[in-house]
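Data first, discussion second: the structure below is written as structure tokens.
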Amino acid sequence: DRATDPIRLDDLEAAHSSCPCASTDADDHAAAGAHLADLHAAVEDLDAARGRAAAVETDLARAVTDAGFEDAEAARALVLPREDLVRERSLVSAHNERIAAAEGVTNDLEVATAMAGDAPDIPTLLEAAHSVREALLSARTGADDAERTRRSLQRLVPMVTTACSALARASARDARVREVADTVGGTGPENTLRMRLTSFVLAARLEKVASLANERLAVMGGGRYLLEHSDDLAARGARSGLGLRVLDQWTGRARDTATLSGGESFMASLALALGLADAVREEAGGFDLGTLFIDEGFGTLDDDSLEQVVTVLDGLREGGRAVGVVSHVADLRSRITNQAIVHKGPAGSTVEIRAGAAEPAA
């Protein structure tokens with residue numbers, strides 16, 4: 001305000017005459033002042049940036065020298081493209097990971113203990129590894145063979161199962177057939193007498209024959225002996241079931257037929273033959289065996305026994321049977337009316353027929 005302070009205003013106008021704004025307008029002066037302030041700040045920023053650039057260049061020079069390069073241009077020439085840099089960084093990272101893994105292994109207590117010991121025998125270990133590798137290959141080959149065999153067996157299982165089922169049925173049938181065969185043959189484990197089925201059937205017939213034979217033997221033997229069927233076990237595992245024994249009525253004891261004398265054996269045999277004929281007649285519905293031949297044995301009889309035997313034979317003839325006796329006993333010639341006599345001679349044997357009259361006893 002010139003009214004309040006004219007002197008100061010004049011001084012200021014005189015000083016402003018040299019102002020860079022070169023304007024008398026106060027607003028222009030203010031704008032110029034703001035630009036000058038901005039310029040001063042920019043100059044200060046430039047000085048600071050130059051200082052930092054100098055420090056960076058110093059650090060760059062030191063880093064380039066420490067890295068073994070002559071200057072920054074040499075280092076810049078070796079800078080990789082971004083793709084290559086990424087790849088190299090990946091390789092470095094993988095390498096560092098391997099180093100960390102290796103350090104982890106080497107830091108392991110067992111590994112450290114092993115490394116502290118004697119150095120391993122590498123050739124021996126290599127040879128062992130080779131042997132193990134061959135064994136592994138052989139095992140794999142065997143495993144492959146086993147797998148092929150397993151698949152083959154899987155294909156065979158249904159056939160084997162079917163065959164086993166058929167075999168089981170055949171085995172069961174064979175067991176039944178074998179049981180029947182053992183029963184028929186008398187070789188079953190439960191057949192202690194080793195008696196065949198035929199022998200079992202014949203044993204029943206033998207009991208009947210012995211019963212009928214006793215009717216004849218009672219006459220010929222004077223009632224002393226009776227024949228009995230015996231199924232006692234034979235000696236040394238022989239087949240049993242068709243044995244006979246003699247019951248001696250005088251002693252009340254049963255004994256073997258082998259203990260009979262020659263004449264007694266003949267009478268027992270004759271009684272059995274006659275008993276068999278009677279049994280056949282009963283089984284055949286009354287069909288009679290009309291002819292019976294007796295070959296020898298009479299010479300073993302004493303006079304009383306011979307008389308009893310002839311009495312039985314006479315009874316057979318009276319019943320309508322024809323009884324032929326082959327014997328050289330002279331006493332029989334006086335009892336037999338119809339005879340066929342064989343004469344021996346140098347020219348051979350001749351037969352003489354005599355009928356109707358018995359030859360008188362000598």
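We're numbering straight along the sequence, starting at 1.
S269 contributes atom OG, which lies 10.5 Å from atom CG of L274 (distance to the nearest 0.5 angstrom). Interatomic distance, L156 CG to T162 OG1, rounded to the nearest 0.5 Å: 11.5 Å. In this structure, E103 CD and N96 CG are separated by 9.5 Å, a value rounded to the nearest 0.5 Å. Taken from CZ in R150 to CZ in R155, the straight-line distance is 10.5 Å, to the nearest 0.5 Å. Once rounded to the nearest 0.5 Å, the distance linking CD of E97 with OG of S90 reads 10.0 Å. To the nearest 0.5 angstrom, T161 atom OG1 is 12.5 Å from L167 atom CG.
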Just distance, no hydrogens or angles: give the donor-acceptor pairs under 3.5 Å from side chains in residues 202-219, sequence neighbours left out.
from, atom 1, to, atom 2, distance (Å)
E207, OE2, H229, ND1, 3.3
K208, NZ, E282, OE1, 3.4
N214, OD1, L227, N, 2.6
N214, ND2, A210, O, 3.1
N214, ND2, L227, O, 3.0
R216, NE, D278, OD2, 3.4
R216, NH2, D278, OD1, 3.4
R216, NH2, D278, OD2, 3.0

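Residues L247 and Y225 are not in side-chain contact: their nearest non-hydrogen atoms beyond the backbone lie 4.5 Å or more apart. Considering only heavy atoms from C-beta on, V246 stays 4.5 Å or farther from E228 through its side chain.
Counting heavy-atom neighbours within 6.0 Å of R255 CZ, excluding the residue itself, gives a total above 12. Counted within 6.0 Å of CZ on R253, heavy atoms from surrounding residues, nucleotides or ligands total 12 or fewer; the atom is thus considered open. Atom NE2 of H40 sits in a sparse spot, with 12 or fewer heavy atoms from other residues, nucleotides or ligands closer than 6.0 Å. In E44, the CD atom is crowded: over 12 heavy atoms of neighbouring residues, nucleotides or ligands sit closer than 6.0 Å.
For R245 and D256, the salt-bridge test fails: no basic side-chain N is under 4.0 Å from an acidic carboxylate O. Remark: E147 engages R151 in a salt bridge, criterion side-chain N to carboxylate O under 4.0 Å.
Under the 4.5 Å side-chain heavy-atom criterion for grouping Ile, Leu, Val, Met, Phe, Trp and Tyr, L125 is not connected to V132 through any hydrophobic cluster. Cluster annotation: L226 and L272 are assigned to distinct hydrophobic clusters (Ile/Leu/Val/Met/Phe/Trp/Tyr, side-chain heavy-atom contacts under 4.5 Å, transitive).
The list of salt bridge (Lys or Arg N to Asp or Glu O under 4.0 Å) pairs with a residue in residues 126-143, not counting sequence neighbours, is empty. Residue pairs meeting the salt bridge (Lys or Arg N to Asp or Glu O under 4.0 Å) criterion with at least one member in residues 45-60, sequence neighbours excluded: D59-R62.
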